[in-house]
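Have a look at the structure below, then the notes.
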Amino acid sequence: MPEEDLVELKFRLYDGSDIGPIRYSSSSTVAMLKERIISEWPRDKKIIPKVANDVKLISAGKILENNKTIAQCKPPFGELPGGGITMHVVVQPSSAKTKTEKKVDDLPKKTTCSCTIL
């Protein structure tokens with residue numbers, strides 16, 4: 001693999017710790033990065049992602065789509081000499097999504113009060 005085809009990435013976890021830096025091909029997809037993050041995730045963390053859909057990658061303030069390559073997601077300032085790119089990792093387990101959704105029946109019912117003056 002040519003040297004210029006590699007991009008150095010570091011993944012910042014929710015508690016401030018990092019995975020990496022690791023060099024990836026610029027043709028690697030975001031989905032491939034997520035799989036690598038899951039495989040290298042520290043097992044001593046309270047929150048551990050189980051599948052790639054549990055992980056969101058954020059770079060330059062944008063959530064990255066699974067089908068995009070690193071080259072498509074790379075910010076222009078990532079071209080600085082010796083500058084690796086830090087991506088933030090957000091974990092949102094699938095089970096947490098279903099727990100936060102509320103059904104209409106579960107919402108508290110509003111009672112109304114009315115007064116009539118005769």
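Note that these values count all heavy atoms, side chains included, but never hydrogens, waters or copies made by symmetry. What you see is a predicted model, and the numbers here were worked out from it, not measured in a lab.
No side-chain heavy atom of Arg12 sits under 4.5 Å from any side-chain heavy atom of Met87. Looking at heavy atoms from C-beta onward, Tyr14 lies out of side-chain contact with Val89 at the 4.5 angstrom threshold.
Contact detail for Ile19 and Glu40: the closest heavy-atom pair is CG2-OE1, 3.7 Å. Here the shortest heavy-atom pairing between Ala52 and Ile38 reads N-CD1, 3.3 Å.
No donor-acceptor pair closer than 3.5 Å links the side chain of Trp41 to the backbone N or O of Arg36. A donor-acceptor pair is defined here as one N or O able to donate and one able to accept, closer than 3.5 Å; no such pair exists between the side chain of Asp18 and the backbone of Gly20.
Applying the under-4.5 Å side-chain rule to Ile, Leu, Val, Met, Phe, Trp and Tyr, the cluster around Ile63 extends to Ile58, Val90.
Remark: the Thr29 side chain and the Lys34 side chain contain no N/O donor-acceptor pair separated by less than 3.5 Å.
With values rounded to the nearest 0.5 angstrom, Leu6 atom CG is found 9.5 Å from Ser27 atom OG. Taken from NZ in Lys56 to CD in Glu65, the straight-line distance is 11.0 Å, to the nearest 0.5 Å.
Using the six-membered ring where Trp is involved, Phe11 and Tyr24 have ring planes that are perpendicular, over 60° apart on the 30 and 60° scheme.
At a threshold of 4.5 Å between side-chain heavy atoms, the hydrophobic network of Ile, Leu, Val, Met, Phe, Trp and Tyr places Met32 and Val55 in two separate groups.
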